[in-house]
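What follows is a short report on a single structure.
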Number of protein chains: 2
Amino acid sequence: MPEFVFEGQTFQSPVELALHAIGGKWKMPILWRLNQRSWRYNELHRDLKRVSHKMLTQQLRELEEARLLTRTVHPVVPPHVDYTISALGRTALPAIEALRQWGLDYRATRDTAP
Amino acid sequence: MPEFVFEGQTFQSPVELALHAIGGKWKMPILWRLNQRSWRYNELHRDLKRVSHKMLTQQLRELEEARLLTRTVHPVVPPHVDYTISALGRTALPAIEALRQWGLDYRATRDTAP
DNA sequence: CAGGATCCTAGGCGATACTG
DNA sequence: CAGTATCGCCTAGGATCCTG
């Protein structure tokens, strides 16, 4: 089983790298919402109901550093910040969609499966 | 945004249900290895190098309860236990594969992307 | 409105020891 | 070999307050 080095970190496999980049409780739900249009901070905060202020900020920063989304500050008062998915972030959407579809299937078949 | 109830728990979306079932640091790597053949406990322990004894046991238990794998005990001394992916577990492999492939692509393009 | 800084605790997790 | 059980650390993350 080969090792897998990226950005100075060592992963056991591409799966672990992917989970590092978009795993965790909130990153996929965030990217998923950014499909189609930009969202503002408070919009995300309201829609991801159980996320805390601190967590949301942190996850957004990590996604930005991973270059999966773009943060745009409009210099107005009161502040106006848009989060937009990047081209790189878009490449993750099929994988997220696969997981989303599996979640649907899993719920549907989990209790009737052989 | 509709709610999504399963097994008494409330999720915001199918993505969150999927992450609940096979998210976390170890479950996908475990299921991924179980493709093709059965693995024994210590095999997994050695191969997932950084997993602790306790974590591995716990993750295997949860995957078993989610019906994604089957635990088979052979009544011999010393004990012999096989972990085999279930039919339901197999349905998750395409999604894991999508994530794995994305991990590869991400590493390849992350620093050259526009 | 967006988010930085601080404080603080529950519980996740590793380490270790023991068992059939 | 393949686990359970127990202890205790330590940090992830929630709550709260403050700012441009």
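Keep in mind the model is a prediction, meaning the values are calculated, not measured. Throughout, a chain's letter reflects where its sequence line sits, starting with A, and its residues are numbered from 1.
Listed pair Tyr83(B) / dG3(D) meets the phosphate criterion, a side-chain N or O lying under 4.0 Å from OP1 or OP2. Distances shown here put a side-chain N or O of Arg40(B) below 4.0 Å from the OP1 or OP2 atom of dA2(D).
Of the residues in residues 68-80 of chain A, Pro79(A) come within less than 4.0 Å of DNA chain D through at least one heavy atom, sorted by number.
Among the protein residues, Arg61(A) comes within range of the sugar-phosphate backbone only, with heavy atoms under 4.0 Å from sugar or phosphate atoms but none that close to a base.
The aromatic rings of His74(A) and His80(A) sit perpendicular, their planes meeting at an angle over 60°, well past the 30° parallel limit. The aromatic rings of Tyr41(A) and Tyr83(A) lie tilted to each other, with the angle between the two planes from 30° to 60°.
The main-chain N or O of Asp47(A) is found under 3.5 Å from a side-chain atom of Gln12(B) such that the two form a donor-acceptor pair. Under the 3.5 Å distance criterion, the side-chain polar atoms of Ser86(B) are matched with a main-chain donor or acceptor of Leu68(B).
As a whole-Å value, the separation of Trp26(A) CH2 from dA12(D) C1' is 14 Å. In this entry the distance linking CG of Asp82(B) with P of dC1(D) reads 14 Å, nearest Å.
The residue from Leu34(A), Val81(A), Ile30(A) that alone fulfils the side-chain contact (heavy atoms from CB on, under 4.5 Å) condition with Trp39(A) is Leu34(A).
The side chain of Tyr41(A) sits closest to dA2(C) out of dG3(D), dA2(C), dG14(D). For Lys54(B), taking side-chain heavy atoms from C-beta onward, the closest of the listed nucleotides dG14(D), dG3(D), dA15(C) is dA15(C).
Under 3.5 Å, the side chain of His53(B) and the base of dT4(D) form at least one donor-acceptor pair of N or O atoms.
To the nearest 0.5 Å, atom NZ of residue Lys27(B) and atom CD of residue Glu62(B) are 4.0 Å apart.
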